[in-house]
Q: 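If you scroll down you'll find the structure; I have some questions about it.
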Amino acid sequence: MDIGRAGLTRLRWLACAAVLALTASCAASTGEPEPGQAADLPASDTNPVPRDELAPGGELLWALSMLPSQWNPHHIDGNTQQVETVMGALMPSAYRTDELGNAEPDPDYVLAADLDLDQGQTLTLTLNPQARWSDGSPITWRDYAGQAEALSGEDGDYRIAGSTGYDRIASVERGVDDFQAVVTFREPYAEYAQLFSPLLPLAYTEDPDAFNTGYAEDIPVTAGPFEPAGTDPGVQSLTVRRDPDWWGEPALLNSIVFRAVPTDAQVAGLANGELDVVQLPAGPSAYRQALALDEVTVRRAIAPDIRHVTLNGGGPILSDQRVRHAVFAAIDRTVLAESALEGLDWPVAVQQNRFLLPSQPGYQDTSNGLGDYDTARAERLLEEAGWELPPGADQRSDGASATRVRDGEELVLRMPLPQGFGTARAEGELIRYMLAQVGIEVDLEEVPGETLFSDYVIPGNFDLVAFSNVGSAFPISESRAQWMDAVPGDDGEPQWRNNVGRIGSAEIDAALAAAVAETDQERAREQLNTADRLLWEAGHTLPLYQRPEFVAVPSALANLGAEGLLSIDYADIGFMR
């Protein structure tokens with residue numbers, strides 16, 4: 001049954017009414033655009049101010065959506081935006097990037113980086129001899145060698161988030177002294193600058209158990225401008241303070257308190273002074289509330305952030321490619337984007353590529369129509385897969401079809417949602433209604449936000465799940481592990497590693513491998529588009545739309561906000577005099 005775009009638009013408002021005040025995306029638009037259009041947004045918006053114009057001191061209250069339990073950013077459970085945000089203040093990175101994604105060595109840790117392509121590929125990193133771990137030991141080539149080995153993927157006991165780049169390293173050896181690391185690649189690797197960011201100490205990479213558990217519920221060793229100062233389980237917060245042993249320019253702030261607050265409550269915390277830094281959800285309610293606050297500025301930039309729906313191909317129902325394509329065809333992505341972005345000065349456009357954004361060179365629509373809204377095609381695919389409407393079933397009063405059955409089993413898909421996220425609930429309600437039109441029932445299950453990935457997404461305890469991929473200056477390296485085919489485990493069972501959709505093929509892997517090895521950017525993008533076309537055909541993940549980056553901060557705060565691809569220097573965050 002095809003109810004048409006007008007019908008779905010009406011249903012969007014019905015779904016929003018059903019979830020009442022849970023959804024910011026359902027707020028009515030005034031029709032008045034905010035100053036500046038999305039196309040005019042900068043690549044980053046952080047209020048850059050020289051350090052000598054800022055006042056030292058002060059505390060910053062920084063909102064997180066959850067407080068992680070695994071702080072190792074290279075562990076599969078620690079590969080989250082929250083971990084990246086906190087550990088950016090505490091851990092070393094070999095390179096930093098500007099707002100356009102151009103990389104250069106971070107002189108606090110690496111004084112020089114020399115790339116030699118004459119015979120293969122060799123990267124020589126000259127390390128800052130003043131750099132020290134918080135236990136007093138120097139940061140040397142051995143730390144780099146240990147991380148390269150741990151993340152190579154050769155030892156399955158390391159529960160790594162991905163091995164891209166590290167799996168191409170032949171060796172890391174001592175150079176002229178302990179403060180020079182010579183990295184030799186066995187295969188060309190275009191995005192070498194994303195390696196060793198962040199870097200872990202050798203003691204936590206030389207042994208799988210130390211790697212897997214050393215940073216669980218604890219941050220034992222650091223090397224940044226801040227150091228951990230304790231957690232408060234009662235208010236779900238982690239405090240970091242200026243590290244007196246830091247060898248670089250000292251941090252301007254005395255401390256940063258990272259506090260876990262449900263997304264729907266963060267703007268209220270901003271208004272009453274309990275929070276200073278809030279990453280706003282892509283909905284008009286929070287956005288307009290933050291704009292109205294005194295002494296608060298909403299900083300805005302184009303974000304490498306794609307919202308999507310991941311389908312679990314490892315489950316009994318969605319293992320059928322025809323059913324996955326039916327789900328694609330039954331979801332009107334334009335309606336989801338309109339609902340989420342309504343009231344914002346942000347263009348409503350569906351995303352047709354998993355790797356490249358419309359603003360990037362090489363972006364193509366590789367879907368070949370597989371992402372088009374077409375309920376007739378969805379119904380045809382479901383019937384081909386054996387899922388039929390019950391004989392004599394009548395249409396439900398809400399316009400939806402009866403639930404389809406096959407061999408006595410109803411077509412029901414489980415979709416976990418994070419508790420306290422109104423926009424996620426509204427999105428889930430819309431998806432449930434859309435799929436009901438073709439006879440697919442969706443069971444929405446609200447779960448604690450801090451366990452959504454560890455207990456549901458990563459172990460495959462779901463059928464559908466919606467979340468966002470936050471990209472970086474290294475799109476191939478950052479996302480490759482998400483799409484790679486399974487590898488055999490010690491028990492013979494397939495291990496999907498970071499591919500939570502559990503859908504893959506040798507052809508997809510080959511296209512991604514060619515892209516990551518290609519130093520010519522145009523040819524690399526061609527390979528990426530090939531991989532993306534294959535992912536559409538496989539029915540892996542339905543891209544929805546690109547999201548803006550809105551960050552509310554005190555108006556007097558400098559060097560922090562909507563960073564886009566810019567690496568934030570935590571030592572330079574401060575308040576204007």
Side-chain angles (χ1 to χ4, degrees), residues 62 64 68 70-97 101 103-110 113 123 125 127-128 131-135 137-152 158-166 169 172 181 183 191-206 210-212 214-216 218-228 238 240 243 246-248 251 256 258 470-474 477-478 481 498 563 565-573:
W62 196 321
L64 302 177
Q70 172 60 262
W71 293 102
N72 179 351
H74 299 296
H75 189 281
I76 190 170
D77 294 339
N79 185 31
T80 68
Q81 186 178 12
Q82 291 78 24
V83 172
E84 179 182 349
T85 296
V86 174
M87 299 305 269
L90 302 174
M91 301 300 283
S93 287
Y95 282 81
R96 57 187 309 121
T97 55
E104 62 181 14
D106 186 337
D108 288 328
Y109 306 103
V110 177
L123 177 66
L125 301 174
L127 311 181
N128 187 337
R132 293 288 188 275
W133 296 108
S134 57
D135 62 7
S137 59
I139 299 176
T140 73
W141 72 274
R142 294 181 181 87
D143 298 299
Y144 287 79
Q147 180 151 316
E149 184 173 350
L151 301 186
S152 67
Y158 287 88
R159 298 197 64 230
I160 61 175
S163 62
T164 299
Y166 295 97
I169 294 177
V172 179
V183 185
E191 294 182 340
Y192 60 88
Q194 68 90 24
L195 299 171
F196 311 112
S197 297
L199 180 70
L200 295 175
L202 176 61
Y204 294 89
T205 58
E206 62 183 351
F211 178 88
N212 295 334
Y215 282 79
D218 190 22
I219 306 177
V221 180
T222 60
F226 289 88
E227 63 179 3
L238 167 70
V240 300
D243 187 348
W246 172 247
W247 55 92
I256 302 174
F258 297 100
V470 180
S472 76
F474 310 104
S477 303
E478 290 293 329
N498 220 31
E563 63 262 27
L565 298 177
L566 176 70
S567 297
I568 293 296
D569 190 333
Y570 286 68
D572 288 349
I573 301 171

Q: Would the Y95 and Y109 ring centres measure less than 6.0 Å apart?
A: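 They do not qualify: ring centres at least 6.0 Å apart.
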Q: Roughly how far apart are L90 CG and L238 CG, rounded to 0.5 Å?
A: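 It comes to 7.5 Å.
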Q: Closer than 3.5 angstrom, by distance alone: can the side chain of N128 be matched with the main-chain N or O of V110 as a donor-acceptor pair?
A: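 No, the answer is negative, given that no donor and acceptor are paired below the 3.5 Å cut-off.
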Q: Can you measure from CZ (F196) to NE2 (H74) and round to the nearest 0.5 angstrom?
A: 9.5 Å
Q: Say whether, by atom type as modelled, one donor and one acceptor occur between the side chain of S197 and the main chain of S93 under 3.5 angstrom.
A: no
Q: For residues L195 and A94, report the shortest heavy-atom separation together with the two atoms involved.
A: O-CB, 4.1 Å
Q: Rounded to the nearest 0.5 Å, what separation is found between the CG atom of N72 and the CG atom of D218?
A: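 These two atoms lie 12.0 Å from each other.
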Q: Is E227 reaching over with its side chain to a backbone N or O of W246, donor-acceptor style, under 3.5 angstrom?
A: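 Such a contact is absent between E227 side chain and W246 backbone.
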Q: Would one find more than 12 heavy atoms of other residues, nucleotides or ligands at under 6.0 Å from atom CD of E149?
A: no
Q: For E206, I'd like to know if atom CD has over 12 heavy atoms of other residues, nucleotides or ligands within 6.0 Å.
A: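 For E206, atom CD is crowded (more than 12 foreign heavy atoms under 6.0 Å).
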Q: Of all the heavy-atom pairs spanning E563 and I568, show the shortest one and how long it is.
A: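 In terms of heavy atoms, the two residues are closest at CB-CD1, 3.8 Å.
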Q: Would a distance-only check, ignoring hydrogens and angles, find a side-chain to backbone donor-acceptor pair under 3.5 Å from N212 to R159?
A: yes
Q: Grab the two heavy atoms, one from P73 and one from L200, that are nearest each other, plus how far apart they are.
A: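 The pair with the smallest heavy-atom distance is CD-CD2, 4.5 Å.
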Q: Please name the pair of heavy atoms, one in P198 and one in Q147, separated by the smallest distance, quoted to 0.1 Å.
A: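 Looking at all heavy atoms of both residues, the shortest contact is O-NE2, 3.0 Å.
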Q: Given the rule in the side chain to side chain contact (heavy atoms under 4.5 Å, CB included) test, do M87 and I219 qualify, once you have shown the distances and angles that lead to the verdict?
A: CA-CA 9 Å; M87 299 305 269; I219 306 177; 4.0 Å; yes
Q: Mind checking whether Y570 and F226 have ring centres under 6.0 Å apart?
A: no
Q: Which pair of heavy atoms, one from P225 and one from A251, lies closest together, and at what distance?
A: O-CB, 3.9 Å
Q: Between atom CD of Q70 and atom OG1 of T80, what is the distance when rounded to the nearest 0.5 Å?
A: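 Reported to 0.5 Å precision, the distance equals 9.5 Å.
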Q: When rounded to the nearest 0.5 angstrom, what distance separates CG in L199 from OH in Y144?
A: 5.0 Å
Q: Donor-acceptor check, side chain of W247 to backbone of D108, threshold 3.5 angstrom: yes or no?
A: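 Yes, W247 side chain to D108 backbone: donor-acceptor pair under 3.5 Å.
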Q: Has T140 got a side-chain atom pairing as donor or acceptor with R142's backbone, closer than 3.5 angstrom?
A: yes
Q: Under 3.5 Å, is there a donor-acceptor pair between the T97 and S567 side chains?
A: yes
Q: Rounded to the nearest 0.5 Å, what's the gap from CH2 on W133 to CG on L202? Could you check?
A: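 The CH2 atom of W133 sits 9.5 Å away from the CG atom of L202.
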Q: Please give me the minimum heavy-atom distance between I160 and A150, naming the atom from each residue.
A: CG2-O, 3.7 Å
